[in-house]
Amino acid sequence: MCGIIGVVGRTDTLETLLQGLSRLEYRGYDSAGVALSGPGTTWRARAAAGTESVAALRAECVDAPRGFRTGLGHTRWATHGAPEALNAHPHLDCSGSVAIIHNGIIENHAEIREDLVGRGHVFTSVTDSEVLAHLIEEARKAGEDLSEAVRTSLLRVRGAFALAVLDATEPDVIVAARRISPLIVGTAPGVSYLASDVPAILDQAKTFYAVEDDQVVRLGPEGFRALDLEGAPVRLRQLSIDWDLETAEKGGFEDFMAKEIAEQPEALRATLLDRHRRDGAISFDEMGVSDEELRAVKRVVLVAAGTSNHAAQVAKYAIERWARVSVEVDISSEYRYRDPIVEVGTLVIGVSQSGETIDTIQATREAKRRGARVLAVTNIVDSSLAREADAVIYTRAGLEVSVASTKAFVAQVAALELFALRLAQLRATMPERDVEALYRGLQAVGAQVERALSRREEVAEVARALFGARDFFYLGRHVGFPTALEGALKLKELTYLHAEGYPAGELKHGPLALIEPGVVVVAVATDPAMHEKILSNLAEVKARGASVVVVATDDDESIAAVADFVLRVPGTEPLFAPMVDIIPLQLFAYLTARALGRNVDRPRNLAKTVTVE
Ligand code: F6R
């Protein structure tokens with residue numbers, strides 16, 4: 001996710017921006033830029049040097065004008081367009097006077113761009129964001145002041161934005177606005193600030209305010225005024241922030257893992273934004289495989305490791321159900337050593353949060369060598385996997401710092417299920433209205449995840465009650481099985497306790513011998529079609545003395561008969577359920593690990609990115 005900083009009213013504006021951008025580097029980024037405005041002039045510098053971009057930007061700023069009091073800075077995490085300097089923010093309008101920085105995605109950028117190009121505007125990047133600079137330019141030409149121009153321009157856009165704008169013809173002013181993507185305002189005597197995240201301005205601002213959805217704020221040295229999108233005045237909510245830098249980087253959470261667990265609704269929304277055309281077709285701008293090629297797919301092979309493999313296993317059920325293509329899922333470290341069969345029409349999908357896991361890269365290389373088309377599903381733009389694949393779909397979960405993967409999992413499931421729906425559309429394996437209903441259902445999962453997250457205290461109670469247990473079996477059927485695998489992986493890597501995931505029906509073929517008093521069985525039982533069978537599996541383990549924890553939907557009244565503890569979740573379409581059902585399991589692992597005094601962000605023996613075979 002991009003980082004934003006703005007300042008108006010200081011004489012050392014550039015240095016304030018560069019320091020603020022350094023403090024945003026921890027969020028991950030691939031390029032950076034600043035714009036300064038003084039009377040009649042806007043000056044801009046940008047650099048794309050990966051994680052060295054702020055240092056490279058500083059070098060670009062040696063000739064910056066001095067004494068300009070208004071400025072914007074941006075760290076970019078690429079979504080539309082490669083991580084190159086020309087796509088880095090700030091973006092300028094045709095006159096070079098208006099500069100904008102943007103975090104989010106403008107869903108209808110293509111149609112707006114076409115219209116603006118038709119009216120003579122010249123675009124210099126391939127980003128969705130640049131349309132905002134030209135829309136504001138049009139409104140300014142029509143005589144609107146800067147805040148009015150921003151407000152009316154935003155009435156034309158769909159999508160998510162934290163936006164900040166300056167214009168040299170109206171110096172000492174920044175106008176900012178927000179929908180979905182976070183934005184805060186800060187003040188100190190004679191200076192106003194804005195930022196996407198507290199660390200950027202923590203040591204500068206004295207008082208902090210939250211900008212809410214669809215609010216526009218005009219900042220000057222003397223303070224700010226806020227409006228809603230209809231132009232009516234609004235008051236911003238003051239925030240009480242007494243954090244040190246470390247707490248601020250974690251967004252006020254105890255650790256990165258808690259922050260990333262909480263970010264899952266946003267990760268889902270960002271991943272699903274801008275994937276639906278006006279004609280109803282699901283589309284992935286960045287993908288790069290033609291519809292004809294997708295129609296011709298005869299077999300899909302998903303290769304991935306760890307959590308990404310569990311997301312891939314969920315996707316298998318969705319692709320087979322909706323698109324009627326046969327799907328295999330392989331552990332990426334196994335794939336290349338088993339002399340895999342690649343026939344004409346084989347699509348191999350490499351799934352990797354980092355895009356740098358060597359096992360997954362090697363598996364996709366092997367598949368390519370044997371003639372497969374390769375699609376990468378990854379969170380990191382221009383990662384090795386993305387570069388080497390024929391096509392790519394980006395999850396937009398933002399940087400994951402905690403070693404154990406959380407938000408990447410839900411974003412991967414969402415992206416892969418969206419891909420499954422696209423495949424179904426192209427192969428006409430489902431009525432269009434069913435695809436549309438599923439697409440809408442997928443959009444609603446973010447809110448269901450939010451509800452599941454709000455039940456942390458209920459999960460904490462169960463974690464407290466089971467504190468001291470050492471053996472855990474996680475069971476599930478259908479997509480509940482990969483959810484169980486993922487729940488078990490979270491528990492073992494965070495707590496170092498013994499946890500295994502099993503298909504619930506497989507238990508009686510061996511592992512049942514291990515069930516005895518003291519063992520905990522955690523079952524995922526949210527799918528009505530699997531419910532009865534899971535219940536009878538649980539009766540078997542309960543009869544042998546295990547403690548039984550069940551993830552069950554809010555309306556499930558029969559579960560209390562077999563469960564010692566119930567973790568309630570909102571019901572959803574069964575194929576979407578892994579994204580919701582994993583929430584209490586992540587929280588359970590997290591809370592147990594904290595109670596055990598583990599370092600949840602950095603479990604022993606593990607690395608975030610595994611680049612050795
Ligand atoms: C588990 C975890 C790992 C990764 C695995 C693959 O919490 O984080 O199992 O999922 O190392 O990593 P990526 O997705 O980067 O290929």
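In listed order, ligands and their atoms are each counted from 1.
- Interatomic distance, CG of Leu491 versus CD of Glu500, reported as 12.0 Å (0.5 Å rounding).
- Among protein residues, Ala305, Gly306, Thr307, Ser308, Ser352, Gln353, Ser354, Thr357, Val403, Ala404, Ser405, Leu489, Lys490, Glu493 come within 4.0 Å of ligand 1, judged on heavy atoms.
- Salt bridge present: Glu328 and Arg299 bring a charged side-chain N and a carboxylate O closer than 4.0 Å.
- With sequence neighbours left out, Glu486 forms a side chain to side chain donor-acceptor pair (under 3.5 Å) with Thr307, His310, Lys490.
- Between the side chains of Thr483 and Asp581, no donor N or O sits under 3.5 Å from an acceptor N or O.
- With a 6.0 Å cutoff to the six-membered ring centre and a 45° limit on the axis angle, Arg604 counts as a cation-pi contact of Tyr496.
- The pair Glu246-Lys250 meets the salt-bridge criterion, since a charged nitrogen lies less than 4.0 angstrom from a carboxylate oxygen.
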